[in-house]
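Scroll down for the structure; my scribbles are underneath it.
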Amino acid sequence: MKPHSHHLGPLLLLILCLAYFAQAQDLSEDYSFYRNPNISVSNSEHTLAQAWAGGINGVRFSEIDLDQDGIPDLFAFEKHGNRILPFLHRNDHYVYAPEYARRFPDLHDWVILKDYDGDGKPDIFTYGLAGIRVFRNTSDTTLSFRPVTEQLTAFYYNGYVNIYASPDDYLVIDDIDGDGHLDILNFWVLGKYVHHLRNNSNDPEVFDFRLESECWGHFEEAADNNAITLNSDCGSKSDDGHTRHTGSSMLLHDFDHNGLPDILIGDVDYPNLILLYNNGTQQEARMTEQDTTFPVGNPVHLYSMPAPSMVHLPDQEYPTLLVSPSDPSLTKSQDLNSVWRYDYDTLLQQYTLTNTAFLQEEMLDVGSGCHPVLYDWNGDGLQDLFLANYGSYDSSHLVNGFLTSFYSSSIQYYRNVGTAHQPAFQLQDNDFGKLKSSHLKALHPAFGDFDGDGQPDMLCGQEDGTLLLIPHQRLVTGTGEIILNYQNIDAGSFSTPAFFDLDRDGRNDLIIGNQRGILSYYRNIGTVTAPVFERVTDTLGGVDVRNAEQSYYGYSVPCLYRDSLNGTTLFCGSEQGLVFYYKSIDGHLSDAFSAQGILWESADSDCQYCAFALKEGRRVGAAIARVDDDAHPDIFVGNYAGGAAYFQGRTPVMHHASIPSEHAPAFRVYPNPTGDLLHIRSEQVPIENVNVYDLFGKLLLRSHDSTLRLGSLPNGIYILEINHLTKIKVVKTQK
């Protein structure tokens with residue numbers, strides 16, 4: 001079981017202020033970025049309408065009115081990185097609207113939006129700690145949610161206990177028996193059978209779940225594959241010595257129009273959906289037929305564990321079926337063409353496949369694990385964009401009952417066809433250097449003259465930690481040898497080289513990240529045109545971007561930038577999806593670099609002086625350079641879902657308490673600075689809980705009390721996340 005981290009979610013407003021001081025004390029950032037989704041990107045066929053949406057590996061869809069215009073919009077949740085992708089309904093198509101993602105609470109593993117209180121506004125059901133969390137939709141003029149419970153309960157046998165949920169299952173939350181209340185279908189804790197938890201409450205705002213049936217539908221799932229046995233009495237509760245692979249997805253819908261809910265089931269390690277037809281009664285479901293090749297003609301075949309969704313799309317009379325993988329593993333699922341759309345054909349009276357890359361085809365998407373790199377390849381003075389990946393899906397097969405999937409890494413080259421004022425990118429080569437056929441994984445390029453011929457080459461890190469040199473000739477013609485194990489350098493698994501003159505001696509050096517989350521420094525002791533690299537240290541600057549609460553690894557991806565104002569700055573992507581940055585580098589290569597925290601995204605649309613943690617999913621890589629003609633660097637951030645986002649640089653913003661009252665009520669935080677006790681008071685709303693984070697977003701303390709003891713924390717600056725009713729406020733404090 002993978003650990004979950006607690007971090008500042010995208011909803012949280014970072015108001016960097018001392019709330020109790022009569023005069024606000026501002027904190028100026030060194031860099032400031034805002035999301036710009038309008039930079040043109042085109043492939044060989046057309047301009048990508050949603051280019052910077054970040055890609056998709058596997059999502060599940062729900063409907064919700066994001067902008068409160070009375071028209072349902074589309075909500076997609078990406079499991080790989082816990083990403084929220086909101087799409088506004090505009091003129092019979094969808095437009096990516098990332099600003100709405102921050103209005104949702106921190107969500108992870110799975111999300112289902114359903115209206116439980118009958119007010120017409122979908123509420124949030126999501127995974128908690130082996131259970132189900134619920135947030136009520138309290139939207140009025142703007143989208144907002146209020147926490148209802150951290151653990152839904154149900155009456156089992158002798159009393160109320162927490163309802164079991166797996167982080168890897170998509171259960172059913174729907175009106176199972178037609179009484180107008182949302183019920184729950186979930187697999188028994190050992191799998192095999194489906195339980196029906198009926199909501200017996202007469203109050204739409206109150207849940208009262210009770211175990212109605214231990215054998216809903218009278219079927220059972222096999223212990224070691226996805227076979228379904230019908231007409232079961234669910235008599236045995238033993239696992240028969242088998243450990244069932246965990247993970248199933250379910251969707252309830254009346255596919256045969258007989259007035260009874262049928263059920264679609266997907267299973268981990270398998271690519272198909274099985275449709276079970278219900279021929280029982282409204283009071284007692286009984287599955288009597290199954291279709292393992294659903295739908296007829298173009299059956300679902302998506303590794304692994306396809307998750308079905310039903311949504312009402314603008315151009316369709318009947319609900320559309322959308323299917324996408326939901327396997328929790330990062331290295332099992334199909335990642336390109338992984339959102340299949342089925343529309344209902346009224347003549348054939350069945351669902352037919354109409355698209356295999358719904359929304360995804362309009363995005364930059366290179367498969368799994370996108371790392372952007374900027375380099376002026378054609379020498380026209382404009383930065384071109386290279387997108388490397390961990391790999392894109394090739395095939396799968398079962399080995400001793402376990403799924404093994406295969407990926408091949410490649411690099412896409414997008415030429416900058418814009419101007420010095422406004423970049424625009426056009427695909428030139430989707431397999432730069434013709435590397436995909438080599439079946440390598442986790443390629444990460446750096447560019448420069450590495451063989452002394454005066455022409456730029458490409459040096460690539462890879463999964464095993466060694467470096468590959470792809471000479472200029474191969475990059476231009478597609479022919480020529482790849483040089484393996486370049487200079488016998490091995491910086492550790494998942495090496496990510498950056499080519500930069502770190503010691504300012506006029507010769508570019510190698511700074512290499514790795515899976516461990518630290519950096520190696522190889523100094524160039526050769527010449528500019530014939531570099532020779534000597535290892536100096538494997539712990540450069542004391543950099544370590546791991547979050548032990550989330551992963552054993554850090555997956556550091558370095559990128560360096562130098563200007564006259566800040567000198568040399570190191571930016572570093574990470575496993576946890578944050579981009580860290582460090583200063584005090586020049587002249588201090590033997591010391592620990594000055595950790596500045598994480599990068600923040602400015603959000604003018606919500607508040608002129610507000611910012612949010614720049615977090616784009618999981619295993620992010622960042623590329624920083626000036627791609628327009630202003631004085632500020634811009635940043636491209638790739639994520640594991642295979643896409644990228646573009647953030648334009650701007651004048652650093654002074655963040656302070658200037659947020660309208662409708663966003664957050666006033667709080668007194670005192671004494672500030674403090675030595676130990678810190679009091680939080682508000683005359684407007686009750687405080688539900690307070691979380692204390694460091695500047696890296698790491699959770700240090702959680703309390704339900706309005707008085708905190710900070711004595712155990714070292715002196716420094718901390719971020720308070722104050723949760724109250726429907727809103728969250730973030731305040732800076734100092735100890």
Side-chain angles (χ1 to χ4, degrees), residues 43 45-46 48-50 53 55-63 74-79 85 87 89 92-94 170 226 228 248-257 261-277 289-327 332-363 365 367 392-396 403 405 641-642:
N43 58 23
E45 300 174 352
H46 62 281
L48 301 179
Q50 326 273 5
I56 289 175
N57 281 358
V59 294
R60 193 181 190 279
F61 293 91
S62 296
E63 293 176 84
L74 207 56
F75 168 95
F77 185 77
E78 166 73 57
K79 194 177 188 73
L85 287 79
F87 296 90
H89 179 177
D92 290 335
H93 66 279
Y94 289 106
Y170 260 110
N226 69 335
I228 300 290
S248 295
S249 60
M250 297 188 286
L251 174 71
L252 211 65
H253 184 74
D254 183 7
F255 285 94
D256 57 3
H257 311 293
D262 310 306
I263 192 166
L264 268 178
I265 299 180
D267 209 347
V268 71
D269 287 357
Y270 292 89
N272 62 315
L273 287 172
I274 299 176
L275 175 57
L276 304 183
Y277 290 101
E289 301 174 60
Q290 61 177 304
D291 181 357
T292 60
T293 58
F294 172 85
V296 174
N298 294 107
V300 172
H301 191 88
L302 276 170
Y303 281 105
S304 154
M305 190 176 154
S309 313
M310 277 288 185
V311 297
H312 294 81
L313 296 187
D315 57 345
Q316 295 297 307
E317 178 183 358
Y318 289 87
T320 293
L321 176 67
L322 299 174
V323 186
S324 191
S326 62
D327 194 297
K332 283 189 176 181
S333 295
Q334 186 164 326
D335 47 20
L336 296 174
N337 297 303
S338 59
V339 186
W340 289 18
R341 171 178 172 174
Y342 289 86
D343 293 324
Y344 189 74
D345 189 313
T346 55
L347 295 178
L348 298 175
Q349 294 189 336
Q350 68 180 42
Y351 279 92
T352 59
L353 182 65
T354 57
N355 194 325
T356 60
F358 175 66
L359 295 179
Q360 185 182 32
E361 64 190 349
E362 297 293 338
M363 303 177 187
D365 195 334
S392 56
Y393 174 85
D394 291 329
S395 61
S396 298
L403 183 70
S405 295

Side chains of [X] and [Y] in contact at under 4.5 Å (non-hydrogen atoms):
| X | Y | answer |
| --- | --- | --- |
| V323 | Y351 | no |
| N226 | I228 | no |
| V59 | L359 | no |
| E289 | D256 | no |
| D262 | D254 | yes |
| T352 | N298 | no |
| Q349 | Y344 | yes |
| L403 | S405 | yes |

- Message: Checking H253 now: which residues fulfil ring-ring contact (aromatic ring centres under 6.0 Å, His included) with it, not counting sequence neighbours?
- Response: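 If we apply the ring-ring contact (aromatic ring centres under 6.0 Å, His included) test to H253, skipping adjacent residues, the hits are F255.
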- Under the ring-ring contact (aromatic ring centres under 6.0 Å, His included) test, residues paired with H46 that sit two or more places apart: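 For H46 there are no ring-ring contact (aromatic ring centres under 6.0 Å, His included) partners, ignoring immediate neighbours.
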- Query: Which word best sums up how the rings of F75 and F77 line up, parallel for under 30°, tilted for 30 to 60°, or perpendicular for over 60°?
  - Reply: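 Parallel.
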- For the pair Y94 and H89, name the ring-plane relationship: parallel under 30°, tilted 30 to 60°, perpendicular over 60°.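 Taking H89 first and then Y94, their aromatic rings sit tilted (interplane angle of 30° to 60°).
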Look only at the side chain of [X] and the backbone of [Y], and say whether a donor-acceptor pair between them is shorter than 3.5 Å.
| X | Y | answer |
| --- | --- | --- |
| S249 | Y170 | no |
| D335 | Y393 | yes |
| D327 | S333 | no |
| Q290 | I274 | no |
| D267 | Y270 | no |
| E361 | T356 | no |
| Q360 | D365 | no |
| S309 | R60 | no |

- Task: Could you tell me whether D269 and K332 have a side-chain N and a carboxylate O separated by less than 4.0 Å?
- Result: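 Salt bridge: yes.
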With rounding to the nearest 0.5 Å, note down the distance linking [atom1] in [X] to [atom2] in [Y].
| X | Y | atom1 | atom2 | result |
| --- | --- | --- | --- | --- |
| R341 | T320 | CZ | OG1 | 5.0 Å |
| L275 | L264 | CG | CG | 5.0 Å |
| T292 | L273 | OG1 | CG | 11.0 Å |

- Query: Do D394 and S392 meet the criterion of a side-chain donor-acceptor pair at a distance under 3.5 Å?
  - Reply: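 Absent: no donor and acceptor within the cut-off.
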- Task: Could you walk me through whether D343 and T354 pass side chain to side chain donor-acceptor pair (under 3.5 Å), step by step?
- Result: CA-CA 7 Å; D343 293 324; T354 57; 3.2 Å; yes
[X] and [Y]: which non-hydrogen atoms are nearest, and at how many Å?
| X | Y | value |
| --- | --- | --- |
| L321 | P308 | CD1-CB, 3.9 Å |
| F61 | L322 | CD1-CD1, 3.5 Å |
| Y342 | V300 | OH-N, 3.4 Å |
| S326 | M305 | OG-O, 2.8 Å |
| N337 | L302 | O-CD2, 3.9 Å |
| S324 | G58 | OG-CA, 3.2 Å |

- With D92 via salt bridge (Lys or Arg N to Asp or Glu O under 4.0 Å) - residues at least two apart: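 D92 satisfies salt bridge (Lys or Arg N to Asp or Glu O under 4.0 Å) with no other residue.
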- Task: For L48 and N43, run side-chain contact (heavy atoms from CB on, under 4.5 Å): C-alpha distance rounded to whole Å, both residues' side-chain angles, the deciding distance at 0.1 Å, then the answer.
- Result: CA-CA 7 Å; L48 301 179; N43 58 23; 3.5 Å; yes
